[in-house]
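What follows is a short report on a single structure.
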Amino acid sequence: QVQLVESGGGLVQAGGSLRLSCAASGRTFSSYAMGWFRQAPGKEREFVAAINLSGRITYYADSVKGRFTISRDNAKNTVYLQMNGLKPEDTALYYCAADSIGPISQRPREYDYWGQGTQVTVSS
């Protein structure tokens, strides 16, 4: 089992940047593919980005491609989401999630563990 804690959210102006972190407990972090999802008020949870066990393979939603970068540091049990060029439509609660099966997925139901989320608000 793994516990996930997100941090790094906040209020930023359009065009700005934020870096989200997700710290995982346990010694098996490198066994999980990781993903970031987001949910805006009144909307369904949507996929943002995912990364495989080694960090060599990444996948992004079209809406964030070229602006967001997912990475991981297995020595620190942490996955990151660097968000540049933020837009008001990026405003949401951002969650990280761990997938014990892998290799990489954009489907929320394939993720076994979820964090509590960190709020990102982008003002226009």
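Only this structure's heavy atoms are used, side chains among them; waters, hydrogens and symmetry mates stay out. Not measured: the values here are computed from a predicted model.
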Pick one: which of Thr78, Val5, Leu4, Leu20 meets side-chain contact (heavy atoms from CB on, under 4.5 Å) with Cys96? Leu4
Where the side chain of Ser31 meets the backbone of Phe29, is there a donor-acceptor pair that is under 3.5 Å apart? no
Output the distance between atom OG (Ser71) and atom CG (Leu81), rounded to the nearest 0.5 Å. 8.5 Å
Got Ser7 and Thr118 here, is their nearest side-chain heavy-atom distance under 4.5 Å? no
Given side-chain contact (heavy atoms from CB on, under 4.5 Å), test Ser63 with Arg38 step by step and report yes or no. CA-CA 12 Å; Ser63 59; Arg38 65 188 182 186; 3.5 Å; yes
Does Leu53 offer a backbone N or O that forms a donor-acceptor pair with the side chain of Asn74 under 3.5 Å? yes
Is the backbone of Ile70 close enough, under 3.5 Å, to the side chain of Tyr60 for a donor and an acceptor to pair up by distance? yes
I want to check something: taking the side chain as every heavy atom from C-beta on, are Thr91 and Gln119 in contact at a cut-off of under 4.5 Å? yes
Would you tell me whether Ser17 and Asn84 have side-chain atoms, one donor and one acceptor, within less than 3.5 Å of each other? yes
Rounded to the nearest 0.5 Å, what's the gap from CD on Gln1 to OG1 on Thr28? Could you check? 10.0 Å
Distance from Gln106 atom CD to Glu46 atom CD, nearest 0.5 Å? 11.0 Å
Between Gly117 and Leu93, the two heavy atoms sitting closest are C-CD1, 3.8 Å
Arg67 side chain to Gln82 backbone, donor-acceptor under 3.5 Å: no
Can you tell me how far CD1 of Ile57 sits from CD1 of Ile51, rounded to the nearest 0.5 angstrom? 10.0 Å
Given 3.5 Å as the limit, does a donor-acceptor pair link the side chain of Ser25 with the main chain of Gln3, or not? yes
So that I know where these two stand, are Tyr59 and Phe47 an aromatic pair - ring centroids less than 6.0 Å apart? yes
Donor-acceptor check, side chain of Asn52 to backbone of Arg56, threshold 3.5 angstrom: yes or no? yes
Strictly by modelled atom types, are Glu110 and Ser105 linked by a side-chain donor-acceptor pair under 3.5 Å? yes
Nearest heavy-atom pair of Val120 and Gly9: which atoms, and what distance? CG2-CA, 4.2 Å
Shortest non-hydrogen contact from Gln116 toward Glu6: N-OE1, 3.1 Å
Any salt bridge linking Lys65 with Asp62? Criterion: basic side-chain nitrogen under 4.0 Å from a carboxylate oxygen. yes
Examine Arg72 relative to Tyr80 and say whether NZ or CZ is less than 6.0 Å from the centre of the six-membered ring and inside a 45° cone about the ring axis. no
Below 6.0 angstrom between ring centroids: does that apply to Trp114 and Phe37? yes
Measure the spacing between OG of Ser21 and CG of Asp73 and express it to the nearest 0.5 Å. 10.5 Å
Nearest heavy-atom contact between Ala24 and Val2 is CB-CG2, 3.7 Å
Answer with yes or no whether the hydrophobic clustering places Val64 together with Tyr95; edges join I, L, V, M, F, W, Y residues whose side-chain heavy atoms lie under 4.5 Å apart. no
Do Tyr111 and Val48 land in one hydrophobic cluster if side-chain heavy atoms of ILVMFWY residues count as linked below 4.5 Å? no
Tyr94 OH to Leu18 CG distance, which is reported to the nearest 0.5 Å: 9.0 Å
Over all atoms of both residues, closest heavy-atom pair of Pro88 and Ala14: CD-CB, 4.1 Å
Using every non-hydrogen atom in the two residues, find where Ala98 and Tyr32 come nearest and quote the distance to one decimal. CB-CD2, 3.8 Å
